[in-house]
Q: 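Take this structure, written in structure tokens, and hold onto it; I'll ask about it next.
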Protein chains: 2
Amino acid sequence: MTGHGTRGRSGGRPTLEEVAARAGVGRGTVSRVINGSPRVSEATRAAVEAAVAELGYVPNTAARALAANRTNAIALVVPEPETRFFAEPYFSGMLHGVGAELADTEMQLLLIFAGSARERQRLAQYLAAHRVDGVLLVSVHADDPLPDLLDQLEIPTVISGRRSAEETLPAVEADNFAGARSAVRHLVARGRTTIAHIAGRLEIYGAQCRVDGYRAGLEEAGHAVDEDLIVPGDFTEEGGRRAMTRLLEHHPDLDAVFAASDVMAAGARQALRALNRRIPEDVALIGFDDSAIARHMDPPLTSVRQPIEEMGRAMIDVLLAEIAERRPTGVRGAVHRQVLLPTELVERASS
Amino acid sequence: MTGHGTRGRSGGRPTLEEVAARAGVGRGTVSRVINGSPRVSEATRAAVEAAVAELGYVPNTAARALAANRTNAIALVVPEPETRFFAEPYFSGMLHGVGAELADTEMQLLLIFAGSARERQRLAQYLAAHRVDGVLLVSVHADDPLPDLLDQLEIPTVISGRRSAEETLPAVEADNFAGARSAVRHLVARGRTTIAHIAGRLEIYGAQCRVDGYRAGLEEAGHAVDEDLIVPGDFTEEGGRRAMTRLLEHHPDLDAVFAASDVMAAGARQALRALNRRIPEDVALIGFDDSAIARHMDPPLTSVRQPIEEMGRAMIDVLLAEIAERRPTGVRGAVHRQVLLPTELVERASS
DNA sequence: AGGTACTGTGGGAGCGCTCCCACAAGTGAT
DNA sequence: ATCACTTGTGGGAGCGCTCCCACAGTACCT
């Protein structure tokens, strides 16, 4: 006999009531102990805890959620058409951090995809049903209606990158500006004089910040910013290749390129190869993200690392705080938490 | 007024009861309509559906779960220490499939990490609390106690790769054997004569299957299998490099290598470079997984693609079937579903 | 002495649903 | 006419909790 017989009459899992009976107290008291209320005497608490341990009691989440009108769940919403985002350490790293931070909590993590119209529809249902206490929104675009919906429903939300400088929602992101600037500083320090930038999609605020950082890096070094050296890419490999090709046409003399993503840097590398530029001898190349691509590129790519795991942790921290304060996002004029995390330049052979 | 006033008295979300009142029927009837019971007349059904639409009724999940004693949730358990698994398209692709398949369902997806001892502890609690209707277990090792725990708790489970040929749990995986064989066939067809294999960790059944497939590919072509040409790696880049180096020491004449993963192939490539072997002129190289690394390698790596998204879908299909049949996994002697999905050889410049 | 405050506790009510029994009404065989 | 089903429906009971009110007990003022 291994103690299973200790269970309640029906053989099912023990309930609060049974724990109460066992401990010789009332239901309310057990509930208080379970929920860590301070208004319980030490002796009683000990007795209840003993009963809990003996019976192997585990609270029923559904009953809890129903009675307390909260779900103890948060959703990570992934606008999935962006498979670009989805692959690569970016996503998994963030998840890593999210998971780690959540491990200390009772909260559970729901993964929701909101790619197709149907999925978005379903998500709206989810949210309308208030099936989660909070939402983590990754890679939201400026024109995404989701934040507003969440706002209306008064569901605490954290996004993984501000949509603009005036972002009102709680947000967590890497310091794109400083990261880009550090890349340029590095190139300047290595004696590069004609430094181009392959930018990301500029409707994404983070890409914009990287451009600003690039500018700042040049300016603080006393270099003039040649707008022609800034070419927009679209975060794809093909875009990087095109941008690089164009840059070389107009500026055959350039000796360094800072791309706003590793994937674009990979494209740029192909274009450089095609036109017989050696990396880094002729042209130094730096990417952004420090993804697997960077490590496996030939030559290995210097890249700006984002503390992705930290970002995941920070998102959870902020979200839990928002939930705890029952401060619905978007309360007019409320100042929300926004976290900017430092980046790190990972130097490799490409620069 | 946009119709919000139609809501129930307290301004909260409408309940079953309110829908019933609105439709002029009883609670039970509304419940039947919501759950798609056939025992409702057409007229009544229409009336209820109208009321649901008017009130914007969304069932309360918690209440449902409590009353029906099911959760409408499944968990994807990730044994996270394996960051190797976690990064790369493998995970995200599978998630993709899982999400797509789940979109047709009421089921929600919980992501649970079971890396550290503490996380595993917490997971056990989760499961004990029967907070999910089923579990997806990815990359389980042969000695993992989790499957047994799930078995005891009678929670339907699907794993993402058999632990052995005698696997009793429902499982979904790529046809590792056929995939490996196709790689070898390809090499043989290209006239390669001395084909080595860098194997994965052999305690993983899938890696074992790949070895078998490698053997089969040689044998069917009438080549003898030289056991010396099979070197175990450990799925890491460093392991691939070491294995390759050793192979070249003993078999300087080899003209092809099939690695059991892209990451190991990347390591092998480095070793080949270091010893001045050209790819593919001197040595053809093939990997497994068709990951981003393969596409970005120089030269691009021929690789065996696993239909990862399909695998995700299949896992959900099987799991939902298991749940529907309320067939607890591990019923003695029961034949469980096992799905083997076809692989595809993606030919690139490395072979 | 009588207030006025706590602190700790028990237990009723109720969260929103599903399950199931009861029952009305219809159908067809006896 | 009676019985035996079937079909559709209403609503009670109850899932396991949290919330909150009531109340006993103790402490510290007036």
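Chain letters run A, B, ... following the sequence lines, proteins first and then strands; every chain starts at 1.
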Q: Where along residues 33-50 of chain A does a heavy atom come under 4.0 Å from DNA chain D, residue by residue in number order?
A: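 Per residue number, the list reads N35(A).
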
Q: Could you give the side-chain donor-acceptor pairs of residues 307-316 of chain B under 3.5 Å, partners two or more places apart or in another chain?
A:
residue: R313(B); atom: NE; partner: E101(B); partner atom: OE1; Å: 2.9

Q: Kindly indicate whether the side chain of R13(B) and the base of dG16(C) share any N or O donor-acceptor pair separated by less than 3.5 Å?
A: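 Such a pair does not exist between side chain and base.
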
Q: Report each atom pair, protein N/O against N/O of nucleotides 20-24 of chain D, whose distance is under 3.5 angstrom.
A:
none

Q: Taking only residues two or more places apart in sequence or in another chain, which ones pass side chain to side chain contact (heavy atoms under 4.5 Å, CB included) with T61(A)?
A: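 In terms of side chain to side chain contact (heavy atoms under 4.5 Å, CB included), with neighbours along the sequence ignored, T61(A) is linked to R131(B).
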
Q: Does a side-chain heavy-atom distance below 4.5 Å link I74(B) with I323(B)?
A: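 The answer is yes, as the side chains (C-beta and beyond) meet within the 4.5 Å cut-off.
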
Q: Tell me the salt bridge (Lys or Arg N to Asp or Glu O under 4.0 Å) pairs involving residues 35-49 of chain A, sequence neighbours left out?
A: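 As it turns out, the salt bridge (Lys or Arg N to Asp or Glu O under 4.0 Å) pairs with a partner in residues 35-49 of chain A, which skip direct neighbours, are E42(A)-R45(A).
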
Q: I'd like to check the salt bridge (charged side-chain N to carboxylate O under 4.0 Å, His left out) partners of R162(B); sequence neighbours left out, ordered by chain and number.
A: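 R162(B) satisfies salt bridge (charged side-chain N to carboxylate O under 4.0 Å, His left out) with E173(B) only.
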
Q: What is the distance, rounded to the nearest whole Å, between atom CG of N60(A) and atom C1' of dG16(D)?
A: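 N60(A) atom CG is separated from dG16(D) atom C1' by 6 Å.
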
Q: Quickly work out the L66(B) CG to dA13(D) P distance and round it to whole Å.
A: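 Value for this atom pair: 18 Å.
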
Q: Is the phosphate of dC17(C), meaning OP1 or OP2, less than 4.0 Å from a side-chain N or O of S31(B)?
A: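 For S31(B), the contact criterion (side-chain N or O under 4.0 Å from OP1 or OP2 of dC17(C)) is not met.
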
Q: Could you tell me how far apart R70(B) (CZ) and dT18(C) (P) are, to the nearest whole angstrom?
A: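 Between P of dT18(C) and CZ of R70(B): 7 Å.
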
Q: Does A47(B) have any side chain to side chain contact (heavy atoms under 4.5 Å, CB included) partners at least two apart in sequence or in another chain, and if so, which?
A: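 Here no residue qualifies.
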
Q: Does OP1 or OP2 of dG11(D) have a side-chain N or O of R27(B) closer than 4.0 Å?
A: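 The answer is no; no side-chain N or O of R27(B) sits under 4.0 Å from OP1 or OP2.
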
Q: Using whole Å, report how far CG of N72(A) lies from C1' of dG16(D).
A: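 In whole Å, dG16(D) C1' and N72(A) CG are 15 Å from each other.
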
Q: Determine all donor-acceptor pairs shorter than 3.5 Å in which one atom belongs to a side chain in residues 24-31 of chain B; sequence neighbours excluded.
A:
residue: S31(B); atom: OG; partner: N35(B); partner atom: ND2; Å: 3.4

Q: How bent is the helix from dG3(C)-dC28(D) to dT30(C)-dA1(D), measuring the angle between the end axes built from five pairs each, rounded to 10°?
A: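 Rounded value for the end-axis angle: 50°.
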
Q: Does T29(A) have a side-chain nitrogen or oxygen under 4.0 Å from the phosphate oxygens OP1 or OP2 of dG10(C)?
A: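 For dG10(C), OP1/OP2 do have a side-chain N/O of T29(A) under 4.0 Å.
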
Q: Would you kindly give the CG-to-P distance between L16(A) and dG14(C), to the nearest whole Å?
A: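 To the nearest whole Å, that distance equals 19 Å.
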
Q: Using whole Å, what does the distance between atom P of nucleotide dT18(C) and atom CD of E17(B) come to?
A: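 Computing the E17(B):CD to dT18(C):P distance gives 13 Å.
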
Q: Can you list the residues that meet the side chain to side chain contact (heavy atoms under 4.5 Å, CB included) rule with A73(A), with sequence neighbours excluded?
A: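 With neighbours one apart ignored, the set is T71(A), Q108(A), L110(A), V132(A).
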
Q: Quick one: salt bridge (charged side-chain N to carboxylate O under 4.0 Å, His left out) partners of D144(B), sequence neighbours excluded?
A: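 Partners of D144(B) under the salt bridge (charged side-chain N to carboxylate O under 4.0 Å, His left out) test: R120(B).
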
Q: Return the minimal non-hydrogen interatomic distance between D133(B) and P156(B), and the atom names on each side.
A: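 Closest approach of D133(B) to P156(B), heavy atoms only: O-CD, 3.3 Å.
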
Q: Taking only residues two or more places apart in sequence, or in another chain, which ones meet A67(A) in a side chain to side chain contact (heavy atoms under 4.5 Å, CB included)?
A: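 With neighbours one apart ignored, the set is empty.
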
Q: Mind calculating the distance between CG (N69(B)) and P (dC19(C)) to the nearest angstrom?
A: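 Between P of dC19(C) and CG of N69(B): 10 Å.
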
